[in-house]
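Order of listing sets the numbers, starting from 1, for every ligand and every atom in it.
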Amino acid sequence: MTPARPRAVLPVVSCTEKERKEDAMSLFKKRGHRPEATVDGVLSALSHVMDPELGRDLVSLSMIRNVTVSGGDVSLDLVLTTPASPRKSEMQEAVEKAVLAVPGVSSVDVRAGADVQAAKDPMEGRRPVEGVKNILAVASGKGGVGKSTVSANVAVALGKAGARVGILDADIYGPSIPTLLNLNHHQLMGENGMILPAAADGIKVLSIGFMLEEDSPVIWRGPMLMQALSQFLHGTKWGELDYLVIDLPPGTGDVPLSLVQMTPVAGAIVVTTPQDLALIDVKKAVRMFEKVG
Ligand SMILES: Nc1ncnc2c1ncn2[C@@H]1O[C@H](COP(=O)(O)OP(=O)(O)OP(=O)(O)O)[C@@H](O)[C@H]1O
Ligand SMILES: [Mg+2]
C-alpha cells in the first residue's frame, strides 16, 4: 500500500465578504489610477508649443504665466506680445490641446491677454516719449491717399483689441483726425504746463488741428513746428500707452523728414494707392524710413 501523499497545506486566510469587496475596489482603483497633473507637467508640455512668429517656445518666451492646477483642472494666462495678434485664437487652441494631452488633466482655462513690449533701443539722439512703449508712424508718398483714414483705423482697432492707444495728428497741411474722430470742436486743455489729450473711442487724441482756427491756412515755419511737435510728444500727458500712432504730413519733404528724425519710431506704415506714379513716391517714403533708421 502506498502511503498517502501528504496534502498540500494552504494557509487559510479568513476574510469577510466586506473585506473582499474593499480589496477588489483598491485593486480597481490602482488599475484605473490617473497620474496627477502638476504645474511642472503642464509647463513641460507647453515648452513644446512654439510661437509661430518668433519661432521659440511659449515657456521660454515667458508667455505662459500663473499656471494653477487643482485636481485635473488647469488654468493659466497666455500673454501675447500684442492684443491685436492675428494668431491669438490659433495659439490659444494649441495651448489648450497641449495641456489637455497632459496625463491627469481634465479641463483647461486659457486666459489670453497681452503685455506689449516696448521698442528696444530707441535710436540715438531720439528722446523716448515717457510712458509710450511703441510709436507707429503713418506716412505716405503723396497726399490724399488715405493716410489719416489708416491712422485712425489702426488706432481704433488696436484700442478695440485691448491696447492702450494714442493718436497724434501731426499733419500740418491737413489735420483731419479731429474730423475722423468727431472732435472738431475740441478745446485744447492743459494742466501744470502739460497738454491734456482729448479722448475718442477710448483712445487719446491730440491734433495740430486743435491749435488752428478752422479753415485757416497753416503759417507755421520749420523751427516753430518742430518745437510744437516736441511739445506734443514730450509735453503731453499721454499716460501709459502701448501704441502712439502718428499721422505724419504727406511726402518726404523737410517737415515729414524732420519729424521722423526726431521721433523714436518703432514701426512705420507707408500708405499708397496702386497707381504707378503714386508707387514711385511711396518708394521714396520707404527709403526715408530706411535712411533714418
Ligand atoms: N481705402 C479707401 N478706399 C477708398 N477711399 C478711401 C480709402 N481710404 C480713404 N479713402 C478716402 O480718400 C480720401 C482721402 O483719405 P485721407 O484723408 O485718409 O487721406 P490722407 O492721405 O490722410 O490725405 P491728406 O494728404 O489730405 O492728409 C477721403 O475722402 C477718404 O474717405
Ligand atoms: Mg490726412
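Residues Pro83 and Lys88 come closest through the heavy atom pair O-NZ, 3.9 Å. Among all heavy-atom pairs drawn from Met288 and Gly251, the shortest one is CE-O, 4.3 Å.
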Next item on the list: Go through the steps to decide whether Val102 and Val105 satisfy the test side-chain contact (heavy atoms from CB on, under 4.5 Å), and finish with yes or no.
Entry: CA-CA 6 Å; Val102 175; Val105 172; 3.7 Å; yes

Next item on the list: Starting from the C-alpha separation in whole Å, work towards a yes-or-no answer on salt bridge (charged side-chain N to carboxylate O under 4.0 Å, His left out) for Asp51 and Arg56.
Entry: CA-CA 6 Å; Asp51 178 296; Arg56 271 177 58 200; over 6 Å; no

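A donor-acceptor distance shorter than 3.5 angstrom exists from the side chain of Asp57 to the backbone of Val59, with no hydrogens or angles considered. Between the Ser140 side chain and the Pro250 main chain, no donor and acceptor come within less than 3.5 Å of each other. Formation of a donor-acceptor pair under 3.5 Å by the Gln117 side chain with backbone atoms of Asp115 is found in this model.
Applying the 4.0 Å criterion to heavy atoms of Lys147 picks out, from ligand 1, the atoms 18 (O), 19 (O), 20 (P), 21 (O), 22 (O), 27 (O). Annotation for ligand 1: atoms under 4.0 Å from non-hydrogen atoms of Val145 are 19 (O), 20 (P), 21 (O). Within ligand 1, counting atoms from 1 as listed, the ones closer than 4.0 Å to a heavy atom of Gly143 are 25 (O). Close contacts between ligand 1 and Ser148 involve ligand atoms 18 (O), 20 (P), 22 (O), 27 (O) [criterion: under 4.0 Å to a heavy atom].
Leu78 contributes atom CG, which lies 6.5 Å from atom CG of Leu58 (distance to the nearest 0.5 angstrom).
Protein heavy atoms all stay at least 4.0 Å away from atom 5 (N) of ligand 1. There is a protein heavy atom closer than 4.0 angstrom to atom 9 (C) of ligand 1. For atom 1 (N) of ligand 1, the protein comes within 4.0 Å by no heavy atom at all. Protein heavy atoms come within 4.0 Å of atom 22 (O) of ligand 1. Contact annotation for atom 12 (O) of ligand 1: protein absent (non-hydrogen atoms, distance under 4.0 Å). There is no protein heavy atom less than 4.0 angstrom from atom 29 (O) of ligand 1.
Checking each of Thr68, Asn66, Asp109 against Ser75 for a side chain to side chain donor-acceptor pair (under 3.5 Å) leaves exactly one that passes, namely Thr68.
In summary, Ser148 places an N/O/S atom under 2.8 Å from the Mg ion (ligand 2), meeting the contact criterion.
Looking only at atom types and distance, the side chain of Ser70 has no donor-acceptor partner in the side chain of Asp73 under 3.5 Å away. Side chain to side chain, Asp247 and Ser148 meet the donor-acceptor criterion of an N or O pair below 3.5 Å.
Looking at Lys142 next to ligand 1, no N or O pair under 3.5 Å apart turns up. Considering backbone and side-chain N/O of Asp247, none are found under 3.5 Å from N/O of ligand 1. Residue Gly146 has at least one N or O atom closer than 3.5 Å to an N or O atom of ligand 1.
Atom 18 (O) of ligand 1 has its closest protein heavy atom at Thr149 OG1, 2.4 Å.
With a 4.0 Å heavy-atom cut-off, ligand 1 is reached by the side chain of Asp171 but not by its N, CA, C or O.
Contact analysis puts Gly144 in contact with ligand 1, with a non-hydrogen atom separation below 4.0 angstrom.
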